[in-house]
Amino acid sequence: MADSGLPSHHADENVRTRFSWFLSGASLITSIPALILMTAHVGFAGFASENGVTLLQATFMVAIIWALPANIVLIGAIAGGYSLFGAAIAVGLSSIRLMPMVAAFVPEMRGPKTRKITLLFLSHFIAVTAWVMGMDRLKHVPRDMRTSYFAGLGITLTLTNTLVVAVVYVLSTDFPPMVFAALFFLTPMYFLTSLWGSARDRSVHVAMVSGLLLFPVIHSIAPAYDLLLTGVVGGIVTMAYVHLAKRSATG
């Protein structure tokens, strides 16, 4: 993996400025996870173009919604003729998964003098890739510099991928559809492996395995509600596992 941008143990961290930590976070744009995310946005640009989404709309979605699965859901809703309310519900449901990530990440990012408005602003940039990279690296950053470091990471990821979508959209007629599909597939594969490796509790593994096993079954029964029902049933399975594990530990 590319250099994380963190200073050596011999560096005097006390003399580093906030801008220096911002640049350290921004340097993660050359890391493997960031490059994989960019390839996925190459696929997203082709997906948006093929479904009649304009260049301005596609880049706006990346910058403002940010989470790639939510953008895909929105384009699917547009292509499916959903109402504005229906599309908003679909995007909202797909983004609920980020709530526990934000709840776990903000305490790691908060410093002794961090303002709430700063945390609120930076929460916009918390998606799976930024979350995994941040949780892995913030522990090596002085607490009062963590917001600067994550700002560099999150803002650079968002702006770079917005630019990637803009460039590829303009050039999309020169890309075979199979290339878009192959690049698009890299992101879910990365999400699975990175989330599995970064899990701090066995319940996360149970949730992931439950979802992978349940989705094909539920899709064959209720394809219109497969993602929602898989999340609900998988969540129930995971909660049951956590309850049983606690009983075993105390019994």
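Predicted model, so just to flag it, every value in this text is computed and none were measured.
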Separation of [Y] [atom2] from [X] [atom1] (nearest 0.5 Å):
{"X": "L74", "Y": "M61", "atom1": "CG", "atom2": "CE", "answer": "4.0 Å"}
{"X": "T147", "Y": "F121", "atom1": "OG1", "atom2": "CZ", "answer": "11.5 Å"}
{"X": "L138", "Y": "R143", "atom1": "CG", "atom2": "CZ", "answer": "8.5 Å"}
{"X": "L37", "Y": "T129", "atom1": "CG", "atom2": "OG1", "answer": "4.0 Å"}
{"X": "R110", "Y": "R146", "atom1": "CZ", "atom2": "CZ", "answer": "12.0 Å"}
{"X": "M109", "Y": "L122", "atom1": "CE", "atom2": "CG", "answer": "5.0 Å"}

[X] side chain vs [Y] backbone, donor-acceptor pair below 3.5 Å:
{"X": "S95", "Y": "V91", "answer": "yes"}
{"X": "H219", "Y": "L214", "answer": "no"}
{"X": "W131", "Y": "I126", "answer": "no"}
{"X": "S27", "Y": "S24", "answer": "yes"}
{"X": "S49", "Y": "G46", "answer": "no"}
{"X": "S20", "Y": "R16", "answer": "no"}
{"X": "D136", "Y": "V132", "answer": "no"}
{"X": "T160", "Y": "L157", "answer": "no"}
{"X": "Q57", "Y": "T54", "answer": "yes"}

Heavy-atom pair with the smallest gap, counting every atom of [X] and [Y]:
{"X": "G111", "Y": "T114", "value": "N-OG1, 2.6 Å"}
{"X": "G211", "Y": "T230", "value": "O-CG2, 3.7 Å"}
{"X": "V42", "Y": "V164", "value": "CG2-CG1, 3.9 Å"}
{"X": "A58", "Y": "Y169", "value": "CB-CD1, 4.5 Å"}
{"X": "T156", "Y": "A26", "value": "OG1-CB, 3.2 Å"}
{"X": "A34", "Y": "I29", "value": "CB-O, 3.5 Å"}

Hey, any chance [X] and [Y] share a hydrophobic cluster, counting ILVMFWY side chains that come within less than 4.5 Å of each other, even indirectly?
{"X": "M239", "Y": "L213", "answer": "no"}
{"X": "L163", "Y": "M38", "answer": "yes"}
{"X": "L68", "Y": "L159", "answer": "yes"}
{"X": "L171", "Y": "L55", "answer": "no"}
{"X": "V204", "Y": "V209", "answer": "yes"}

Other residues, nucleotides, ligands: >12 heavy atoms within 6.0 Å of R18 CZ: yes
Residue L244 excluded, over 12 heavy atoms near CG under 6.0 Å: yes
Check against side chain to side chain contact (heavy atoms under 4.5 Å, CB included), F47 and N71: CA-CA 10 Å; F47 182 65; N71 285 327; over 6 Å; no
Derivation and outcome, side chain to side chain contact (heavy atoms under 4.5 Å, CB included), residues L153 and R137: CA-CA 11 Å; L153 168 61; R137 291 168 171 81; over 6 Å; no
Quick check: do [X] and [Y] have side-chain heavy atoms less than 4.5 Å from each other?
{"X": "K246", "Y": "V242", "result": "yes"}
{"X": "S203", "Y": "Y241", "result": "yes"}
{"X": "P142", "Y": "W21", "result": "yes"}
{"X": "M145", "Y": "T17", "result": "no"}

Ring geometry between F150 and F105 (parallel below 30°, tilted from 30 to 60°, perpendicular above 60°): tilted
Plane angle bin for H41 and F44 - parallel if under 30°, tilted between 30 and 60°, otherwise perpendicular: perpendicular
